[in-house]
Amino acid sequence: MATKRLLKYSLLSTVGIGSFLAGSYYEKNNNSIVCKPCLPIFGTVSAAVPFTTSPQTTSSNASRISQIMKYGFPGMDHVRSFDDFVLSYDRKTRVAHWVFEHLTAENTKKNDGVDRALCDFKPDESIHSYFRSENSDYKRSGYDRGHLAAAGNHKGHQKHCDQTFYLSNMAPQVGVGFNRDSWNRLERYVRKLTNTYPNVYCCTGPLYLPKKEGDGKKYVRYEVIGEKNVAVPTHFFKVLVMETSDGHLEMESFVMPNQVIDNEVPLTSFQVPPESIERAAGLLFFDNVSRSKISKINGKKQ
DNA sequence: TTTTCTGT
């Protein structure tokens, strides 16, 4: 029995190590791509060194970043700021931990000059090649390159729309029935909130949730795709804070499984307490906000 | 309306 288990274990290790070694060999031949100084590297933000360290970070986008991040950073792992959104990258899964956006009626309004068709999905070369996802990882994987910060939220400037197409802002998502349907429905709902609230703060990210299997034990199990083993999240979350015109705050939070969802299922049925997402993701949302200032959570008065 | 992929 013990021998059998050992055999099984060593077999698994062999497979794991084999592909790991293949990966490192590949990487070593591609080291020249790392750390090119003049690529559009977006200001790196960390607790110790605030967002003024990158020569590319101008004072105007530094103030935009502090506006986007007004209510606090959910976590500080490999934070990267773009012109109109901020993300934290998870090197292990090759998918962001979270992305943060600040939406208003003004900045989500369609600008005639901005064309999504001009955008290309592109690897984010500011991330070390060991850890960055490539278009080839997604190709024929069966999954969409699903935006975390939605392209539709950044139609004010072509550059903003372009930046949402970096693969650091993508996650493998089920296409038909999820990304192109119910997840898109949720994204449109969030955009529409800017008609009601002057400011909407939106944090989006993946979850890898444990599930009880046949032996009664819980396991976190997720598929990985491509050479880089990009993780396929089991679920995605959105946590929103809306500022009302009279200075109150309201919060809404959603979790959707990364699977085909019937279009008739109402979005409210995906609402969950924000605490449950914080525990599952290892993040703290809107940490700068006293929860006593929040007048409603998921539509319920506090 | 917006979200994508197709061993062409």
Side-chain angles (χ1 to χ4, degrees), chain A residues 82 84-85 87 94-96 98-124 132-197 200 202-207 223-228 230-238 240 252 254-268 270:
Chain A
F82 295 80
D84 207 34
F85 67 100
L87 71 75
R94 295 81 157 101
V95 174
W98 53 261
V99 311
F100 230 99
E101 300 165 277
H102 164 240
L103 308 180
T104 62
E106 184 59 32
N107 70 17
T108 56
K109 199 171 65 186
K110 175 136 180 60
N111 181 329
D112 283 343
V114 180
D115 186 356
R116 182 193 166 104
L118 298 175
C119 301
D120 292 315
F121 292 96
K122 48 197 177 287
D124 183 344
R132 114 185 134 219
S133 61
E134 306 286 347
N135 281 314
S136 55
D137 294 321
Y138 285 87
K139 192 144 192 168
R140 276 169 271 128
S141 68
Y143 294 97
D144 278 8
R145 295 167 290 192
H147 284 68
L148 294 174
N153 293 348
H154 304 275
K155 289 179 296 194
H157 301 274
Q158 188 65 43
K159 191 181 174 196
H160 294 177
C161 186
D162 288 348
Q163 289 181 349
T164 69
F165 279 74
Y166 281 109
L167 294 183
S168 51
N169 181 45
M170 300 296 158
Q173 292 185 328
V174 168
V176 175
F178 184 78
N179 182 36
R180 307 176 198 187
D181 293 291
S182 285
W183 184 252
N184 183 31
R185 188 156 51 100
L186 178 57
E187 289 176 336
R188 280 180 292 152
Y189 167 76
V190 173
R191 268 197 292 282
K192 225 170 115 187
L193 289 173
T194 62
N195 296 333
T196 311
Y197 302 93
V200 176
C202 176
C203 184
T204 306
L207 291 171
E223 183 182 351
V224 293
I225 57 170
E227 284 282 326
K228 298 286 177 77
V230 181
V232 180
T234 63
H235 296 72
F236 291 91
F237 69 79
K238 275 191 190 287
L240 316 171
E252 287 191 46
F254 299 85
V255 170
M256 273 192 182
N258 188 14
Q259 54 189 240
V260 174
I261 294 169
D262 192 305
N263 282 320
E264 300 307 310
V265 181
L267 292 176
T268 50
F270 298 101

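These numbers come from a predicted model, not from an experiment.
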Practice item. Ignoring hydrogens and angles, state whether a donor on the side chain of A:K228 or A:S133 is under 3.5 Å from an acceptor on the partner side chain. Key: no
Point to revise | By side-chain contact (heavy atoms from CB on, under 4.5 Å) - contacts of A:T268 (at least two apart) | key: A:P266, A:Q271
Check your understanding: Partners of A:A171 by side-chain contact (heavy atoms from CB on, under 4.5 Å), sequence neighbours excluded?
Key -> A:V95, A:L148, A:P233, A:F236
Point to revise | Sugar-phosphate only, base, or nothing, as touched by A:E187 at under 4.0 Å among non-hydrogen atoms | key: sugar-phosphate
Exercise for review: Measure the distance from CE on A:M170 to C1' on B:dT2 and round it to the nearest whole Å.
Suggested key: 14 Å
Point to revise | Basic-acidic side-chain contact under 4.0 Å: A:R185, A:E187 | key: no
Check your understanding: Relative to each other, are the rings of A:F100 and A:W98 parallel, tilted or perpendicular (30° and 60° limits)?
Key -> perpendicular
Exercise for review: With heavy atoms under 4.0 Å as the rule, sort A:N184 into base, sugar-phosphate or nothing.
Suggested key: base
Review point. Just how far, in rounded Å, is C1' of B:dT3 from CG of A:N153?
Key: 13 Å
Review point. Is A:G175 touching bases, backbone alone, or none of the nucleic acid, heavy atoms closer than 4.0 Å?
Key: nothing
Listed pairs, N/O of protein and of nucleotides 5-8 of chain B, under 3.5 Å:
| unit_1 | atom_1 | unit_2 | atom_2 | d |
| --- | --- | --- | --- | --- |
| B:dC5 | OP1 | A:R145 | N | 2.9 |
| B:dC5 | OP1 | A:R145 | NE | 3.2 |
| B:dC5 | OP2 | A:R145 | NE | 3.1 |
| B:dC5 | OP2 | A:R145 | NH2 | 2.4 |
| B:dC5 | O4' | A:R180 | NH2 | 3.3 |
| B:dT6 | OP1 | A:R140 | N | 3.4 |

Review point. Does any residue of residues 106-113 of chain A have a heavy atom under 4.0 Å from DNA chain B, and if so, which ones, in number order?
Key: none
Practice item. Would you please say whether a donor-acceptor pair under 3.5 Å links the side chains of A:R145 and A:N179? Key: no
Revision key, fill the gap. Applied to residues 258-267 of chain A, the side chain to side chain donor-acceptor pair (under 3.5 Å) test, sequence neighbours excluded, yields none
Revision key, fill the gap. Rounded to whole Å, OH of A:Y189 lies from C1' of B:dT3 at a distance of 20 Å
Practice item. With sequence neighbours left out, write down each residue that passes side-chain contact (heavy atoms from CB on, under 4.5 Å) with A:K122, or none if nothing qualifies. Key: A:D162, A:F165, A:Y166
**Study point:** side chain to side chain donor-acceptor pair (under 3.5 Å), paired with A:H154, selected from A:Q163, A:H160, A:E101
**Key:** A:E101
Practice item. Return the 5'-most residue of the pair A:H147, A:R188 with respect to DNA chain B, ranking by each residue's nearest nucleotide. Key: A:R188
Study note, to complete from the structure: Rounded to whole Å, CZ of A:F165 lies from C1' of B:dT2 at a distance of 10 Å
Review point. Across the strands shown, which category fits A:R191 at heavy-atom distances under 4.0 angstrom: base, sugar-phosphate, nothing?
Key: sugar-phosphate
